[in-house]
Amino acid sequence: DTAVSQTPKYLVTQMGNDKSIKCEQNLGHDTMYWYKQDSKKFLKIMFSYNNKELIINETVPNRFSPKSPDKAHLNLHINSLELGDSAVYFCASSPAGAGTQYFGPGTRLLVL
Amino acid sequence: QQQVKQSPQSLIVQKGGIPIINCAYENTAFDYFPWYQQFPGKGPALLIAIRPDVSEKKEGRFTISFNKSAKQFSLHIMDSQPGDSATYFCAASDQTGTASKLTFGTGTRLQVTL
């Protein structure tokens with residue numbers, strides 16, 4: 001009965017590769033988010049989608065492209081991975097307009 | 001530009017003590033202030049939250065105190081337990097259309113010793 005799930009949990013890859021992270025929520029929420037947590041544990045929002053529409057797009061390199069096939073899924077595709085992309089990526093969801101966000105377990109990305 | 005400042009960076013208290021974590025914000029458009037608890041290897045989990053029209057909110061052993069005029073809020077953990085050892089993040093939210101944008105503090109690593 002996982003509320004927000006992410007796959008994979010761990011991702012180790014070489015510089016220059018392209019990778020995707022998938023997120024699904026079964027909470028019936030309309031809004032989903034991607035956050036990045038760096039090595040110092042700082043959490044920063046990257047994107048937000050509401051019912052497949054992009055709402056928030058922070059200053060993120062265009063190598064990062066979110067895609068929402070439906071309101072329960074939000075995937076993150078990263079092209080030409082760089083060392084600095086190594087981080088933990090969290091997906092979250094919330095009811096539309098609500099401040100409370102529910103986070104997934106995270107995907108730990110290591111770029112070698 | 002750190003919009004939500006959090007202190008201390010780390011905190012060690014004995015079991016039964018009352019750790020206090022403080023946050024300050026700048027953006028008056030923030031309208032919702034949640035606290036998240038994160039254990040190693042896990043995602044942040046919502047602990048307690050407050051809106052700016054309330055000065056205090058208590059849920060179990062966790063209390064938020066909110067001072068709107070000073071733009072500060074704090075988390076108190078009563079009767080702290082070793083199981084409370086985790087990283088705590090304050091956050092502030094403002095609405096962007098149908099999404100709420102959370103701005104996080106830098107986190108406080110709490111250790112509760114026996």
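What's counted below: heavy atoms across the whole structure, side chains too, no hydrogens, waters or symmetry copies.
Interface check for chain A: of the options B/Y32, B/F89, B/F33, the most heavy-atom pairs under 4.5 Å are formed by B/Y32. Taking A/V88, A/I45, A/N50, A/T31 one by one and counting their heavy-atom pairs under 4.5 Å with chain B, the maximum is reached by A/N50. In terms of heavy-atom pairs under 4.5 angstrom with chain A, the leader among B/P44, B/A49, B/S93, B/G107 is B/P44.
Contacts between A/E53 and chain B at a heavy-atom distance below 4.5 Å are absent for every atom of the residue. The contact between A/S48 and chain B is made entirely by side chain atoms (from C-beta outward), counting heavy-atom distances below 4.5 Å. For B/L46, the part lying under 4.5 angstrom from a heavy atom of chain A is the side chain only. Using a 4.5 Å cut-off between heavy atoms, A/Q6 makes no contact with chain B at all. In this structure, the portions of A/L43 lying under 4.5 Å from any heavy atom of chain B include both its backbone and its side chain. For A/Y35, the part sitting under 4.5 Å from any heavy atom of chain B is the side chain, from C-beta outward, and nothing else. If you measure heavy-atom distances from B/K101 to chain A, the contacts under 4.5 Å come from both the backbone and the side chain.
In this structure, A/Q37 CD and B/T87 OG1 are separated by 8.0 Å, a value rounded to the nearest 0.5 Å. Separation of atoms NZ (A/K40) and OG1 (B/T106) is listed at 10.5 Å; rounding is to 0.5 Å.
In terms of hydrophobic clustering, with Ile, Leu, Val, Met, Phe, Trp and Tyr side chains grouped at heavy-atom distances under 4.5 Å, A/Y10 and A/V4 are assigned to different clusters. Connection of A/L76 to A/L110 is not established within any shared hydrophobic cluster, with ILVMFWY side chains joined at heavy-atom distances below 4.5 Å, either directly or through further cluster members. Cluster membership check: A/V60 shares its hydrophobic cluster with A/W34, using side-chain heavy-atom separations under 4.5 Å among Ile, Leu, Val, Met, Phe, Trp and Tyr. Clustering ILVMFWY residues whenever any of their side-chain heavy atoms sit less than 4.5 angstrom apart, transitively, puts A/F42 in a cluster other than the one holding A/M46. Cluster membership for B/V112 and B/I48, using ILVMFWY side-chain heavy atoms within less than 4.5 angstrom, is shared.
At most 12 non-hydrogen atoms from other residues, nucleotides or ligands lie less than 6.0 angstrom from CZ of B/R109.
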Exercise for review: For B/Y36 and A/Q101, run side chain to side chain contact (heavy atoms under 4.5 Å, CB included): C-alpha distance rounded to whole Å, both residues' side-chain angles, the deciding distance at 0.1 Å, then the answer.
Suggested key: CA-CA 10 Å; B/Y36 283 84; A/Q101 296 182 21; 3.7 Å; yes

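Between the side chain of A/Y33 and the backbone N or O of B/S100 there is at least one donor-acceptor pair closer than 3.5 Å.
A 4.5 Å side-chain heavy-atom check between A/F90 and B/Q38 finds at least one atom pair inside the cut-off.
Under the side-chain contact (heavy atoms from CB on, under 4.5 Å) criterion, B/T113 pairs with B/I12, B/Q14, B/Q111, sequence neighbours left out. The side-chain contact (heavy atoms from CB on, under 4.5 Å) check on A/N51 picks up A/K71, with sequence neighbours excluded.
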